[in-house]
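Written below as structure tokens is the structure these notes are about.
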Amino acid sequence: MATFVLVPGGWHGSWSFEAVVPLLERAGHAVHALTLTGLRPDDDNATVATANLDTHADDILRLLDRAHITSATLVGHSYGGMVIAAAADRAGGRISRLVHLDAYVPRDGESCWSSTTERYREAFAAGAATTGYAVRPPDGGDPRRRPHPLASFLQTIRLTGTLAQVPRREFIYCSGWEDRTPFSELRTRLQADPEWQVRNLPTGHDAMHEAPEAVAALLLGECIADASTHRRQACH
């Protein structure tokens, strides 16, 4: 039995994995879907204003301590990739697998701000213009989304090298939004790195809602059809 810790992207909560969680649990695994500090419905303005990347990494570390988890699979979507990287670096060997689901994969000294495209930097800045500390959700989308702590997008990550000791590191590239994705260069970088396994998922960014069965299959290590090549993916 594996233990999955699911970390949502910007503006989202644990509900973003609501269609994936039962599929993993049905396969016999333990699943913890998080809502990060500053994004909970009852968080006050001070909590939102002071939450940063360190705060969010600590959310994961507290869960590991509280649930006595010693071999976790961390799954991060979008901004959540920053969080799982920071947490894995500090988790003292308690992470057995990292899955960056269309998510940032930072190197030491990078931030979500520095890793994304100018289009998204402009969106972050415009979204924070009202308060100066909380980025309002982009127009449209799920009404459950919350303003996201700006500091978490801006804070640079500090990695000691422990992250490189995680046995399995995977990147899932969602290829269905090629005109807007900030992850094209990242996919190229990781495809050239033998320590990473890169998979393709022919969906838009919100793969958990578009294709929860396909996401669950990848997390469970099963083969899925790759619509962009009409080949079967190898599973390891």
Side-chain angles (χ1 to χ4, degrees), residues 5-13 16-17 34 36-39 51-60 73-91 95 97-125 127-128 135 137-138 145 148-164 166 168-178 180-193 195-201 203-208 215 218-219:
V5 178
L6 310 180
V7 181
W11 305 286
H12 288 67
S16 64
F17 291 99
L34 296 184
L36 299 170
T37 298
L39 291 127
N52 59 20
L53 180 59
D54 287 337
T55 309
H56 292 162
D58 286 342
D59 287 340
I60 294 179
T73 292
L74 301 186
V75 181
H77 179 244
S78 198
Y79 160 74
M82 301 290 303
V83 182
I84 66 172
D89 194 72
R90 307 170 193 181
I95 310 304
R97 181 185 176 199
L98 289 173
V99 181
H100 291 251
L101 174 56
D102 218 35
Y104 298 97
V105 180
R107 293 171 289 200
D108 182 51
E110 295 181 338
S111 64
C112 185
W113 177 275
S114 70
S115 300
T116 198
T117 60
E118 188 61 28
R119 172 182 181 151
Y120 283 93
R121 284 190 285 269
E122 291 175 358
F124 293 164
V135 183
R145 294 175 305 159
H148 192 98
L150 176 62
S152 69
F153 287 153
L154 299 178
Q155 186 182 13
T156 58
I157 195 169
R158 295 303 173 193
L159 300 174
T160 65
T162 304
L163 179 65
V166 175
R168 293 179 63 184
R169 281 165 279 157
E170 302 165 35
F171 177 74
I172 299 173
Y173 180 75
C174 293
S175 60
W177 63 311
E178 292 277 12
R180 290 169 291 133
T181 179
F183 301 119
S184 296
E185 292 183 6
L186 175 59
R187 175 183 61 170
T188 299
R189 182 187 107 202
L190 296 179
Q191 283 177 327
D193 188 336
E195 296 186 349
W196 282 84
Q197 183 178 57
V198 177
R199 297 184 184 277
N200 181 73
L201 195 58
T203 69
H205 186 48
D206 196 12
M208 302 91 70
V215 171
L218 287 174
L219 296 181

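Only heavy atoms go into these numbers, but all of them, side chains included; no hydrogens, no water, no symmetry mates. Sequence positions, counted from 1, serve as the residue numbers for this chain.
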ring-ring contact (aromatic ring centres under 6.0 Å, His included) filter on Y79, not counting sequence neighbours, yields H56, H148, F153
Between S184 and E178 the two heavy atoms that sit nearest each other are OG-OE1, 4.0 Å
List the atom of G38, the atom of P149, and the distance in Å for their closest heavy-atom pair.
CA-CG, 4.2 Å
Under a 4.5 Å cut-off applied to non-hydrogen side-chain atoms, are M208 and L101 in contact?
yes
Please examine the side chains of I84 and I60, heavy atoms only from C-beta on, and report whether any two atoms are closer than 4.5 Å.
yes
Any donor-acceptor N/O pair, W11 side chain to V135 backbone, under 3.5 Å
yes
Spacing of Q155 atom CD and N52 atom CG [to the nearest 0.5 Å]:
4.0 Å
Evaluate whether atom CD of E185 has more than 12 neighbouring non-hydrogen atoms of other residues, nucleotides or ligands under 6.0 angstrom away.
no
Of all the heavy-atom pairs spanning A87 and L74, show the shortest one and how long it is.
CB-CD1, 4.4 Å
Before you tell me yes or no, could you show the steps for D108 and R158 under side chain to side chain contact (heavy atoms under 4.5 Å, CB included), namely the whole-Å CA-CA distance, both residues' side-chain angles and the distance that decides it to 0.1 Å?
CA-CA 5 Å; D108 182 51; R158 295 303 173 193; 3.9 Å; yes
For the atom pair CG (L163) and CD1 (I157), what is the distance rounded to the nearest 0.5 Å?
7.5 Å
Going by distance alone, is a donor N or O of one side chain under 3.5 Å from an acceptor N or O of the other, for D58 and T55?
no
Rounded to the nearest 0.5 angstrom, the OH-OG1 distance for Y173 and T203 is 11.0 Å
Roughly how far, to the nearest 0.5 Å, is CG of D59 from CG of D54?
11.0 Å
Between A88 and V166, what is the shortest heavy-atom contact and its length?
CB-CG2, 4.3 Å
Heavy-atom pair with the smallest gap, counting every atom of L201 and A207:
CD2-CB, 3.8 Å
Which value, rounded to the nearest 0.5 Å, describes the distance between D102 atom CG and T181 atom OG1?
5.0 Å
Not counting sequence neighbours, which residues clear side chain to side chain contact (heavy atoms under 4.5 Å, CB included) with T116? List them please.
Y104, Y120, R121, F124, P182
Closest heavy-atom pair and its distance - A51, A151
O-CB, 3.5 Å
Contact between R189 and R107 at the side-chain level, heavy atoms closer than 4.5 Å - yes or no?
yes
Does the side chain of L53 reach to within under 4.5 Å of the side chain of V83, using non-hydrogen atoms?
yes
Rounded to the nearest 0.5 Å, what's the gap from CD on E170 to NE2 on H100? Could you check?
10.0 Å
Can you sort out the partners of S78 under side-chain hydrogen bond (donor to acceptor under 3.5 Å, both in side chains), two or more places apart, ordered by chain and number?
H205
Close side-chain approach of R187 and W196, heavy atoms under 4.5 Å:
no
Any side-chain heavy-atom pair of T73 and L219 under 4.5 Å:
no
